[in-house]
Amino acid sequence: MEYNFKEIEKKWQQYWKDNAIYSVENGGDKPKFYVLDMFPYPSGAGLHVGHPLGYIASDIYSRYKRLQGFNVLHPMGFDAYGLPAEQYAIQTGQHPAVTTEKNIARYCEQLNKIGFCYDWNREVRTCDADYYKWTQWAFQKMFSHWYSCEVNAARPISELIEIFSKQGNAEVQAAQSETPTFTAEEWNSWDDKRQQEMLMNYRIAYLADTKVNWCPKLGCVLANDEVSEGLSVRGGYPVEQRVMRQWSLRVSAYAQRLLEGLDTIDWTDSLKETQKNWIGRSEGTEVQFKVKDSDMEFTIFTTRADTIFGVTFMVLAPESELVAKLTKPECAEAVEAYLERTKKRTERERISDRSVTGVFSGSYAINPFTGEEVPIWISDYVLAGYGTGAIMAVPAHDSRDYAFAKQFNLPIIPLIEGCDVSNESYDAKDGIVCNSPKAGVEPYCDLMLNGLTVKEAIAATKKYVESHNLGRVKVNYRLRDAVFSRQRYWGEPFPVYYKDGMPYMIPENCLPLELPKVDKFLPTESGEPPLGHAKLWAWNEAEATLADVAEIDNKNIFPLELCTMPGFAGSSAYFLRYMDNKNGDALVGKTANEYWKNVDLYIGGTEHATGHLIYSRFWNKFLFDLGVICKDEPFQKLINQGMIQGRSNFVYRVVGTNKFVSLNLKDEYETQQIHVDVNLVANDVLDIERFRNWMPEYKDAEFILENGKYVCGWAVEKMSKSMFNVVNPDDIVERYGADTLRFYEMFLGPLEQSKPWDTNGIDGVHRFLRRLWAMYENVSEEQPSAEELKTLHKTIKKITFDIEHFSFNTSVSAFMICQNELSQLKCNKRAILEPLAVLIAPFAPHIAEELWHRLGNDTTVCDATFPICNEEYLIESSVKYPISFNGKVRFTLEMPADMSKEDVEKTALANEQTQKYLDGKSPRKVIVVPGKIVNIVL
RNA sequence: GCCGCGAUGGUGGAAUCGGUAGACACGAAGGACUUAAAAUCCUUUGGCUAUUGUAGCUGUGCGGGUUCAAGUCCCGCUCGCGGUACCA
């Protein structure tokens, strides 16, 4: 009988669906296991062959765990809010909800063809009101909480109000925006608005004037991870800096916990490293500098406190508040001009133009360690948003300060013995300190760093600064708060209305606040976000209902927030919702959460390393602080699957003709390389007829062939429509079947490695499945031979090891070897074939199911038990030892497998051939590696 | 610039703890079956040298080192990929 994969796959996919084979319960006797894929954004283009790579891997693991007796949660859903659907709506007028729905249907259809074991009852879509209810709910909780640095957790804002009314804010240790100190009396004397303004500095979700990445073309702000090199990641439009009043999330409050949490989870070192760099913890010192002829002081941050004796100037960020205060009248004009110039420069220009610019403020600071006066400059190489927005410049030991000093002819004082700073700065943190203080100069203070190593000098300076009240030891983080407002339509609405300019939350029991209908998706004429078009978009406070915008009176009826939430809002807690997606009373019920806990295995791409994977860890930790969930890290183990790149094919047209020349003859002509659709090419050989019909201009094309074939060139490029290298999984399923696709995607190479999709070679995998199929004809009930058992158990051992180590590509080889060996033995015995079917089920579930039933089983193969390797079958009766003399001469000797190491040595030495090589001499050394090799050193 | 990862036949890749490098697959060449083709099966396939079987040399980006033994460990480079960037 033929291997009719179409029929088999259709039959079993229908059966699994009809009998709800993959639906999972919360609870039961079995241990739990949670396997998660990063849910996709359903784009209009549908899935290409790269998308399922990670899904196939997680599906194999899920099925494996299930066969091992675990209760496996393996859900799928859709990250449905996003810019492309909105852009499409703007262009075509089609409502994003409609196109999104359509795209999801297409995705589901494509996914289901591949035979994944998802429990679709648990599907979530971020754009469903009963899902985003909980996104809004979490936002409200962030609004009503502050972060206490004392207990290192989020606390209700009511606690903070109580503290303020009793003792003011002087003693409060909180993650906060810059806030003036106030007393309890002051607090109590303020009206509600003033108090609310003050609380805004503490809330975890807060409104603030923020410098944001504004993309005029998209009419929207973008998060840092949505911008790359001054261009938007989606669309590639220019992005500029702008100050806007925006919602932000105080992610920075969690910086230390996000860093420490990395030690408790099983992620790759490279990903942990990326996150560590993104969080950017840096231990340093804040030092106060007095201003000459003034009672003003300002603070700088440095990680190199040891270099303070080498300070020759100070630099302020152009946006720093200090600029206005420290600019002397005689310099005002130049400073003004400089500020104007920097303001105009976009982020992109700043990146591309690295020339050194700056302007002198006219003021001098006094170095607290030397008493020297140093000029204060203003330059855009200092950032307002990091540290204090002001630095002490040590040109000898910082390359940026060095470039600045050279440009403006400022002095450079080397502080490390023997370092040469005539051409470049010496940035390395090693060496012995000198010139601190300078020899022969009357010491200004009693700190002596000369002779210490850099490390010792940093520690000594820190100690000195603290004990002399010159500043304090400080830890800074690069991680910024996340801007949370987007001026667009297709996202979660904020459950917020504005009264007297201050935000108020709509009551929790009124959630979800549903996204209103609009008829236009562009900003309004007055420049408001698209929600400004909505008619029913105001809040009646007294009745707690929506009201018409026309009725806004700011007494009972108030305007609602017009921005929506960014993409990461919906994806930050979706893994919790899968546990309990029908729950109307909570994001996730206590029982469900305590049962599933967190994700045991998460598979997805590295592109989310500094976006989704930071935000969702933050979000999760916040919910943990509230006591809503029981684990503070969401993803215990994480695997990054590599990207599947495209493999493009080329034809070579002879210039000025409609003639095409085959790859290896093209050097004889002057040719032009043209992309050709990879679907017209098999094993790099062009299907000439289909090529002629591909585009009208090629209808009369002529070909110069080699060996009767037209051979195409190829290159690895991004998979995209314009390169004609997109391969659709549906086409592969149609031609070879889902099981072949699954096997082949795994066979392509290591899961975590990026690799091009190359359809050459898929035949080999397909052939293997056909051979496997053929083995199950005429199954006999005979007892298996020792050799057959050995092959089976060897394979069990290998496959188990491979799955545990996510080495799926070598599993495929192991199956091929197993099949090959069994067919050499002409094995058709049930005792071998039945466990083999179970073993292969995670990889190729359809064929396994069919074979399993053909063997007479009436349960599904998913309910079988994963076979266990019996090592006894693997024991060899004899082992071949290669005997090698100093690694040069080699021959092989067979010995009993259970022979001891000593006996192996003896036998090897007593051997006739060994004696010949030893030639009467005794060996210097004999090394026996059990079961592998005997090395004889002459 | 900094951080991380990688480099093995014509191709994708294997070698899991330092132990016979090139498993498995593709491609290619030859053969069997067939009127023929497709499909299937068999043989060969890192390079070089000679050869009837066979043998010898060489070989994992480059240069050194440790070791009886190195693709694997150490030092110094080259190239490629990914992330990040005036973070003081």
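In the text below, chain A, chain B and the rest are named by the order of the sequence lines, each starting its count at 1. Everything quoted here is computed from the prediction, not taken from an experiment.
One C1' atom belongs to G46(B), the other to A15(B), and the distance between them is 16 Å to the nearest Å. With C1' as the reference atom, U45(B) and A23(B) are 15 Å apart, rounded to whole Å. One C1' atom belongs to G71(B), the other to G19(B), and the distance between them is 13 Å to the nearest Å. Taking atom P on both U54(B) and G18(B), the two are 35 Å apart, rounded to the nearest angstrom. G47(B) and G9(B) have their C1' atoms separated by 9 Å, given to the nearest Å. Atom P of C24(B) sits at a distance of 46 Å from the matching atom of A85(B), rounded to the whole Å. Across U11(B) and C48(B), the matching P atoms stand 15 Å from one another, rounded to whole Å. Straight-line distance between the C1' atoms of C2(B) and A69(B): roughly 38 Å, to the nearest whole Å.
Each of Ala814(A) and Gly389(A) was assigned the nucleotide of RNA chain B with the nearest heavy atom; the assignment lying further toward the 5' end belongs to Ala814(A). Annotation: of the two residues near RNA chain B, Ser807(A) and Gln824(A), the 5′-most nearest-nucleotide partner is Ser807(A).
Between A28(B) and Lys709(A), a contact under 4.0 Å exists linking OP1 or OP2 to a side-chain N or O. Side-chain N/O atoms of Arg767(A) include one lying less than 4.0 angstrom from OP1 or OP2 on C26(B). Residue Tyr386(A) places at least one side-chain N or O under 4.0 Å from the OP1 or OP2 atom of A88(B). For C24(B), neither phosphate oxygen OP1 nor OP2 lies less than 4.0 angstrom from any side-chain nitrogen or oxygen of Asn820(A). Contact between the side-chain N/O atoms of Lys925(A) and the OP1/OP2 oxygens of C68(B) is found at a separation under 4.0 Å.
Applying the salt bridge (Lys or Arg N to Asp or Glu O under 4.0 Å) criterion to Glu894(A), with sequence neighbours excluded, gives no partner residue. For Ala57(A), the side-chain contact (heavy atoms from CB on, under 4.5 Å) partners are Ile603(A), Met746(A), Leu751(A), Phe808(A), not counting sequence neighbours. Among residues two or more places apart in sequence or in another chain, the side-chain contact (heavy atoms from CB on, under 4.5 Å) test is passed with Leu893(A) by Ile883(A), Met895(A), Asn911(A).
Salt-bridge formation is detected for the pair Glu821(A)/Lys794(A): a Lys NZ or Arg NE/NH1/NH2 atom is positioned less than 4.0 Å from an Asp or Glu carboxylate oxygen. Taking a cutoff of 4.0 Å between a charged side-chain nitrogen and a carboxylate oxygen, Glu871(A) and Lys797(A) qualify as a salt bridge.
A side-chain N or O of Asp802(A) and one of Thr810(A) form a donor-acceptor pair less than 3.5 Å apart. For the 3.5 Å distance criterion, the side chains of Ser425(A) and Asp398(A) fail to qualify, holding no donor opposite an acceptor.
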### Summary
For RNA chain B, the dot-bracket notation using Watson-Crick and G-U wobble pairs below 3.5 Å, [ ] for pseudoknot-type crossings and | for other-strand pairs, is (((((((..(((......[....)))((((((.......))))))(((((...)))))..(((((..]....))))))))))))....
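Looking at heavy-atom distances under 4.0 Å, Ile817(A) makes contact with sugar-phosphate atoms alone, never a base. Among the protein residues, Lys272(A) comes within range of no part of the nucleic acid, since none of its heavy atoms lies under 4.0 Å from any strand.
A syn base is found at G9(B): its glycosidic angle is within 90° of 0.
Here the closest non-hydrogen pair linking Ala457(A) and Asp306(A) is CB-CB, 3.5 Å.
Put simply, the side chain of Val765(A) does not reach to within 4.5 Å of the side chain of Tyr736(A), judged on heavy atoms. Contact of the Arg647(A) side chain with the Val678(A) side chain is not registered, since no non-hydrogen atoms from C-beta on lie closer than 4.5 Å.
In summary, the aromatic rings of Tyr61(A) and Phe806(A) are positioned with their centroids under 6.0 Å apart.
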### Task
Take nucleotides 2-8 of chain B nucleotide by nucleotide from the 5' end and write B, S or -, depending on whether a protein heavy atom sits under 4.0 Å from the base, only from the sugar-phosphate, or from neither.
-SS----
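Looking at Tyr3(A), Phe5(A), Phe768(A) one by one, the single match for ring-ring contact (aromatic ring centres under 6.0 Å, His included) with Trp773(A) turns out to be Tyr3(A).
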Can you give me the N/O atom pairs linking the protein to nucleotides 17-22 of chain B at distances under 3.5 Å, or say none if there are none?
from	atom 1	to	atom 2	distance (Å)
G19(B)	N2	Asn935(A)	ND2	2.4

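The Arg478(A) side chain lies nearest to A85(B) when the options are A25(B), A85(B), C26(B).
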